[in-house]
Amino acid sequence: MNKFKPRCWHLPRPSKSRYKGSYPLHFETKFKQFIRSSDYLHLFSGKAETGFKVDLKIENKPDIVADVHHLPFRDQSFPAALADPPYNDKYAKRLYNTPKLKLKQFTNEIVRVVKSGGIIAFYHLMLFPNPDKCEYLGVITIITRVFHHARVVTVFQKEGRSQLLDQYL
C-alpha cells in the first residue's frame, strides 16, 4: 500500500448502541472497504461487529478474551489489524474499568502478530505514534456532528513485502 492523501469521513453517530465507545454508523463497513478485506484482527473491539474481535471483557462477546499486552497468537498471524484503545488511562478506568495501558508493549504485540507488509490502523483522538518496524501511510479523520470531537485513524504498514500488497488501495 502506498501513502495516501488524508481523507475525511463524515459519518452519523450510532443510533441504537448504548455501549460507551461505539463507532459511528458505517465506520466498520467503510474500514473494510478501505483495506479491501474483512480479514483483520480487531483489538479493543468492544461491541464491534467485524474482524476477529479481541477484548478484555467477556460481556462484549469477543471472538477471544485476551489482554492486548499479551496476545495469544503466533507471530505474523493476521494480514491487518485495527485497534481502538481507550484514549487515556482515565477513560480506561472510568468508562471501561480496565487497567492502565502500556503503549509500547501493546503496539509491539500488534506489530508482532501482523504479517510483513500488513496494515495496522489505530482509531484514536489524535495521530497515533509510529510503531517500531512500521511506515506511516496516512490518516483518516472521522467527524460525526457539531460540537463532537473528531476521531483520527492513523494507518501504518509493517515493514516487509506482502503478498496482499496489491489488494490494498
Side-chain angles (χ1 to χ4, degrees), residues 7-74 77-103 105-115 118-129 131 138-156 158 168:
R7 297 168 185 227
C8 182
W9 296 344
H10 186 185
L11 303 173
R13 65 185 198 190
S15 60
K16 296 179 184 173
S17 179
R18 298 229 183 261
Y19 181 73
K20 293 176 183 172
S22 292
Y23 292 122
L25 287 178
H26 315 302
F27 170 75
E28 291 180 82
T29 301
K30 287 188 73 71
F31 182 76
K32 287 189 313 186
Q33 291 169 345
F34 176 74
I35 67 168
R36 297 188 180 169
S37 177
S38 57
D39 184 18
Y40 64 93
L41 183 61
H42 200 148
L43 301 153
F44 305 97
S45 61
K47 296 284 187 178
E49 298 176 0
T50 62
F52 186 85
K53 299 178 291 299
V54 177
D55 199 89
L56 196 55
K57 302 183 117 195
I58 195 167
E59 60 268 22
N60 290 333
K61 300 180 182 170
D63 295 307
I64 188 166
V65 174
D67 182 344
V68 177
H69 296 93
H70 308 283
L71 292 169
F73 307 115
R74 288 188 219 133
S77 297
F78 296 90
L82 170 63
D84 180 15
Y87 302 141
N88 57 42
D89 290 336
K90 264 186 176 176
Y91 277 36
K93 183 67 177 164
R94 186 172 49 93
L95 295 178
Y96 308 112
N97 197 28
T98 55
K100 290 183 177 187
L101 293 173
K102 297 173 186 137
L103 180 89
Q105 187 176 349
F106 80 75
T107 55
N108 285 344
E109 274 294 276
I110 294 168
V111 172
R112 180 185 67 77
V113 301
V114 170
K115 293 179 180 180
I119 299 301
I120 300 172
F122 294 93
Y123 186 98
H124 209 273
L125 286 174
M126 300 170 265
L127 280 174
F128 210 80
V139 65
I140 303 165
T141 303
I142 312 291
I143 58 173
T144 57
R145 61 190 182 269
V146 174
F147 297 121
H148 191 262
H149 293 285
R151 299 298 188 260
V152 178
V153 181
T154 315
V155 183
F156 303 94
K158 183 176 173 180
Y168 296 107

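Computed from a prediction, not measured in an experiment: that's the story for all the values here. In what follows, every heavy atom counts, from backbone to side chain, and hydrogens, waters and symmetry copies are set aside.
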[X] [atom1] to [Y] [atom2] distance, which is reported to the nearest 0.5 Å:
X	Y	atom1	atom2	value
Asp67	Leu101	CG	CG	8.5 Å
Asp55	Ile64	CG	CD1	12.0 Å
Leu43	Thr107	CG	OG1	11.5 Å
His124	Phe44	NE2	CZ	9.0 Å
Gln33	His26	CD	NE2	11.0 Å
Phe106	Lys102	CZ	NZ	12.0 Å

| When the ring centroid of Tyr123 is compared with that of Phe31, is the distance short of 6.0 Å? | no
| request: Step by step, work out the side chain to side chain contact (heavy atoms under 4.5 Å, CB included) result for Asn60 and Lys47. | output: CA-CA 6 Å; Asn60 290 333; Lys47 296 284 187 178; 3.6 Å; yes
For [X] against [Y], the heavy-atom pair lying closest together:
X	Y	result
Val155	Ile119	CG1-CG2, 3.8 Å
Arg112	Phe73	NH1-O, 2.8 Å
Ala150	Thr141	CB-CG2, 4.0 Å
Ile110	Ala83	CD1-CB, 3.9 Å
Val68	Leu71	O-CG, 3.6 Å
Lys100	His69	O-CE1, 4.0 Å

| task | Apply the test side chain to side chain contact (heavy atoms under 4.5 Å, CB included) to residues Lys53 and Lys61: give CA-CA distance (whole Å), side-chain angles for both, the deciding distance (0.1 Å), then the verdict. | result | CA-CA 8 Å; Lys53 299 178 291 299; Lys61 300 180 182 170; over 6 Å; no
| remark: Hits for side-chain contact (heavy atoms from CB on, under 4.5 Å) against Thr50, two or more places apart or cross-chain, chain-then-number order -> Glu28, Lys32, Tyr40, His42
| message | Classify the ring geometry of Phe27 against Trp9: parallel below 30°, tilted from 30° to 60°, perpendicular beyond 60°. | response | tilted
| Parallel, tilted or perpendicular, as decided by the 30° and 60° cut-offs, for the rings of Phe52 and Phe78 | tilted
| request: Might you confirm whether atom CD of Glu59 has over 12 heavy atoms from other residues, nucleotides or ligands at distances under 6.0 Å? | output: yes
| Neighbour count >12 (heavy atoms, 6.0 Å) for atom CZ, Arg145 | yes
| task | May I ask you to test the Val54-Leu41 pair for a side-chain heavy-atom distance under 4.5 Å? | result | yes
| said: One pair to check against side chain to side chain contact (heavy atoms under 4.5 Å, CB included): His10 and Ile143. What are the steps and the verdict? | reply: CA-CA 5 Å; His10 186 185; Ile143 58 173; 3.9 Å; yes
| said: My understanding is that only residues two or more places apart in sequence, or in another chain, count here; which of them pass ring pair (Phe, Tyr, Trp, His ring centres under 6.0 Å) with Phe122? | reply: Phe128
| Under the side chain to side chain contact (heavy atoms under 4.5 Å, CB included) criterion, do Leu11 and Leu25 qualify, and how do the steps go? | CA-CA 6 Å; Leu11 303 173; Leu25 287 178; 5.8 Å; no
